[in-house]
K.L.:
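So that we are looking at the same thing, I have put the structure below in structure tokens.
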Amino acid sequence: MNKFMRIMVFFDLPVKTKKERREATQFRNFLLNDGYHMIQYSVYARVCNGLDAVAKHRARIKRNLPCNGSIRMLVITEKQFEAIDILLGKLTEADDSFQCEQLSIF
């Protein structure tokens, strides 16, 4: 039986030069096109069905790494991901309403 896992990718990429901005944009677009969604700025996640899928996506990330920067990948179970506490400060009128993306599997 496969267990649903969540890959979380954290990155801090330089964006001072035009080349660095282009590479950062290409990496972010790779993540979006590969099924990741943004959790917060520079933190993306996707669901995988088992460790084989995790290994496949780990290899895909390694093939698409920018030249510079810091990228980290964390694999957790879906149950661990569901236990995340979302802590928000006091919202003002200028703040957008917060929307949480949920995954439903039947």
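All residue numbers refer to positions in the sequence shown, counting from 1.
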K.L.:
State plainly whether one hydrophobic cluster holds both L65 and V75, where clusters connect Ile, Leu, Val, Met, Phe, Trp and Tyr through side-chain heavy atoms under 4.5 angstrom apart.
P.N.:
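Yes, same cluster.
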
K.L.:
Determine the minimum heavy-atom distance between R21 and K16, stating which atoms define it.
P.N.:
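For R21 versus K16, the nearest heavy atoms are NH1-O, 3.1 Å.
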
K.L.:
Let me confirm one number: the CD1-CD1 distance from I76 to I84, rounded to the nearest 0.5 Å.
P.N.:
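Those atoms lie 5.0 Å apart.
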
K.L.:
Might you point out which heavy atoms bring P14 and E20 nearest each other, and give the distance in Å?
P.N.:
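Smallest interatomic distance, heavy atoms only, reads O-CB, 3.2 Å.
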
K.L.:
How long is the straight-line distance from CZ of R6 back to CG of L74, given to the nearest 0.5 Å?
P.N.:
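One finds 12.0 Å between CG of L74 and CZ of R6.
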
K.L.:
Would you check if the side chain of N64 reaches a backbone N or O of R60 as a donor-acceptor pair within less than 3.5 Å?
P.N.:
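At least one qualifying donor-acceptor pair exists.
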
K.L.:
Nearest 0.5 Å, what's the CG-NE2 distance between L32 and H37?
P.N.:
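That separation rounds to 10.5 Å.
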
K.L.:
Quick one, M5 and T77 - any side-chain contact, counting heavy atoms below 4.5 Å?
P.N.:
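Counting from C-beta outward, M5 and T77 do come under 4.5 Å.
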
K.L.:
How many angstroms lie between CZ in F27 and OH in Y44, if you round to the nearest 0.5 Å?
P.N.:
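The CZ atom of F27 sits 9.5 Å away from the OH atom of Y44.
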
K.L.:
M73 and M38: same hydrophobic cluster, using ILVMFWY side-chain contacts below 4.5 Å?
P.N.:
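Shared cluster, yes.
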
K.L.:
Could you tell me whether the side chain of L13 reaches within less than 4.5 Å of the side chain of I71, counting heavy atoms only?
P.N.:
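Result yes, sub-4.5 Å side-chain heavy-atom pair found.
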
K.L.:
Roughly how far apart are F10 CZ and Q40 CD, rounded to 0.5 Å?
P.N.:
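Result: 8.5 Å between the selected atoms.
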
K.L.:
What is the distance from atom OH of Y41 to atom CG of D12, rounded to the nearest 0.5 Å?
P.N.:
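CG of D12 is found 9.0 Å from OH of Y41.
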
K.L.:
Please answer: with hydrophobic residues joined when any side-chain heavy atoms are less than 4.5 Å apart, are V43 and V15 in the same cluster?
P.N.:
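As far as the 4.5 Å side-chain criterion goes, V15 and V43 are not connected within one cluster.
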
K.L.:
Determine the minimum heavy-atom distance between A53 and C48, stating which atoms define it.
P.N.:
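Answer, listing the atom of A53 first, then C48: CB-CB, 3.8 Å.
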
K.L.:
Pick from H57, R28, M8: which one makes a side-chain contact (heavy atoms from CB on, under 4.5 Å) with Y36?
P.N.:
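It is H57, the one option of H57, R28, M8 that forms the side-chain contact (heavy atoms from CB on, under 4.5 Å) with Y36.
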
K.L.:
Between I61 and R63, is there a side-chain heavy-atom distance shorter than 4.5 Å?
P.N.:
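Not touching, per the 4.5 Å side-chain cut-off.
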
